[in-house]
S.K.: 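Structure incoming, see below.
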Amino acid sequence: MKVLLLGDLHLSDKAPSGCTDSYTDDLFTLLAEAAMFAVHCDCVVIAGDVFHLKAPIRTSHRLVLRTIEAFRAFGKPVYVVPGNHDIQHDRMDSLLAQQPLGVVVESGAARLLEGWCEFGIYGVPWLQHWTDEAVSTALDEYRQGFGADPRQTLIVTHAPLYPEGQELKWEHYPARAFADAMGMAGNVFYGHVHEPHGTWGFYDEKSGVAFCNNGALSRGSLHEYNRERQVGVTIWDSETSKFEFVPLSARPASEALRLAEHTERKASERRLDEFLSGVAAVNLAAVSAGSVLEHLKSQDGWGPEEQALAEELLAAAHGS
Ligand SMILES: [Mn+2]
């Protein structure tokens, strides 16, 4: 059996601020390209974060319909393991009650993957709290059901997993503890971390756990890794129990990311810092916008550019 794996689509009507306007269309082009590889696979599993915005009102019907169409074009069963962006307030019961992904599932274009599915793949959605107890509970049925050859089993999850030594201080669940909760047997493909980790883990030829993350399909931020990495999907083969990365023909970073604007914004942030240190002596809460401007005009280095920036910021602060 072969499984086409992808994660972190972050579909959105509007491009995130670091991306060019073709963001949404580019993602659908990548999904269409990925669908060509689905022909050789038995099913498709998406490792969460199908939609970018958690508030359901901010995703259009048009985008939901395009997503349904794109998923149907895979021509194979599509499973989604819900990510933190697919639900609201970290509550899984929001999904079918109000979220855009719930509509995609109701349409029949995708199925939710939690626990075992008919392909013998096991889903672990985003957890509200990443505690040992919650992880162990989420993997209970896995430990009982992985059978004689765990090398032929696959877990797909949306989880804050990192190779040892690369963990984020404020958000991670120790990979070794996750592997222990799996009974140290099987393979894991995970989303949530957008920077690709490749294949790594605690395994040898005979046993252990292999983890794989191929990075997000979306390049929604201007991080360094997004400027250089190859966007792609992964095919997992139960015969060999190996993950194979499949590069997609994504736009070069210079066309997908607003690199020039980013440099400009950094410069304007620097000017903002200077502006704020200029007003540090004034209690903003107690004065009017006009008097703040008067104060600023008396500062050294005050010019028309600073004046325009200050007026803009003050207008924004007053909600006008
Ligand atoms: Mn994500």
Side-chain angles (χ1 to χ4, degrees), residues 4-19 23-24 26-28 30-31 34 44-56 58-59 63-64 67 70-71 78-92 94-95 99-102 104-105 110 112-114 123-130 135 138 155-163 166-173 175 178 188-198 211-227 229-234 245 248 250 253 256-257:
L4 183 71
L5 298 159
L6 57 158
D8 294 275
L9 280 49
H10 288 268
L11 292 165
S12 163
D13 287 283
K14 238 182 109 212
S17 63
C19 300
Y23 176 83
T24 315
D26 289 351
L27 281 171
F28 282 107
L30 291 173
L31 284 174
V44 179
V45 186
I46 300 172
D49 285 0
V50 171
F51 292 103
H52 182 50
L53 299 166
K54 296 178 184 182
R58 298 182 68 195
T59 295
L63 188 70
V64 175
T67 306
F71 285 6
V78 174
Y79 289 90
V80 177
V81 178
N84 51 317
H85 280 257
D86 296 316
I87 54 179
Q88 218 177 4
H89 310 305
D90 270 3
R91 293 180 61 95
M92 206 48 72
S94 67
L95 208 155
Q99 296 299 99
L101 180 59
V104 175
V105 169
L112 294 181
L113 180 57
E114 184 171 8
V124 179
W126 177 256
L127 300 179
Q128 199 166 15
H129 303 289
W130 287 93
V135 170
I155 290 179
V156 181
T157 185
H158 192 85
L161 296 168
Y162 295 81
Q166 293 180 36
E167 296 94 341
L168 293 184
K169 262 192 201 132
W170 63 90
E171 190 198 63
H172 77 276
Y173 184 75
F178 196 95
V188 182
F189 181 82
Y190 62 99
H192 186 63
V193 183
H194 290 194
E195 182 171 5
H197 292 154
F211 289 92
C212 176
N213 159 297
N214 68 196
L217 198 69
S218 153
R219 281 178 294 176
S221 66
L222 286 161
H223 279 104
E224 200 63 40
Y225 68 83
N226 265 337
R227 300 190 200 181
R229 76 183 171 106
Q230 174 69 57
V231 174
V233 295
T234 292
F245 182 71
L248 298 179
L257 301 170

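Atoms within each ligand, like the ligands themselves, are counted from 1 in listed order.
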S.K.: As an exercise, state the distance from CD1 of Ile46 to CG of Leu217, rounded to the nearest 0.5 Å.
M.R.: 9.0 Å
S.K.: What salt bridge (Lys or Arg N to Asp or Glu O under 4.0 Å) pairs are there with at least one residue in residues 82-91, not counting sequence neighbours?
M.R.: Arg91-Asp93
S.K.: Tell me the angle that NE2 of His10 and OD2 of Asp49 form around the Mn ion (ligand 1), rounded to 10°.
M.R.: 90°
S.K.: Determine which of the N, O or S atoms in Asp8 is closest to the Mn ion (ligand 1) and give its atom name.
M.R.: OD1
S.K.: If you measure from CZ on Phe211 to CZ on Phe178, what distance do you get to the nearest 0.5 Å?
M.R.: 6.5 Å
S.K.: Got a sec: is His194 within less than 2.8 Å of the Mn ion (ligand 1) via an N/O/S atom?
M.R.: yes
S.K.: For Phe51, which of Asp13, Leu9, Leu63 qualifies under side chain to side chain contact (heavy atoms under 4.5 Å, CB included)?
M.R.: Leu63
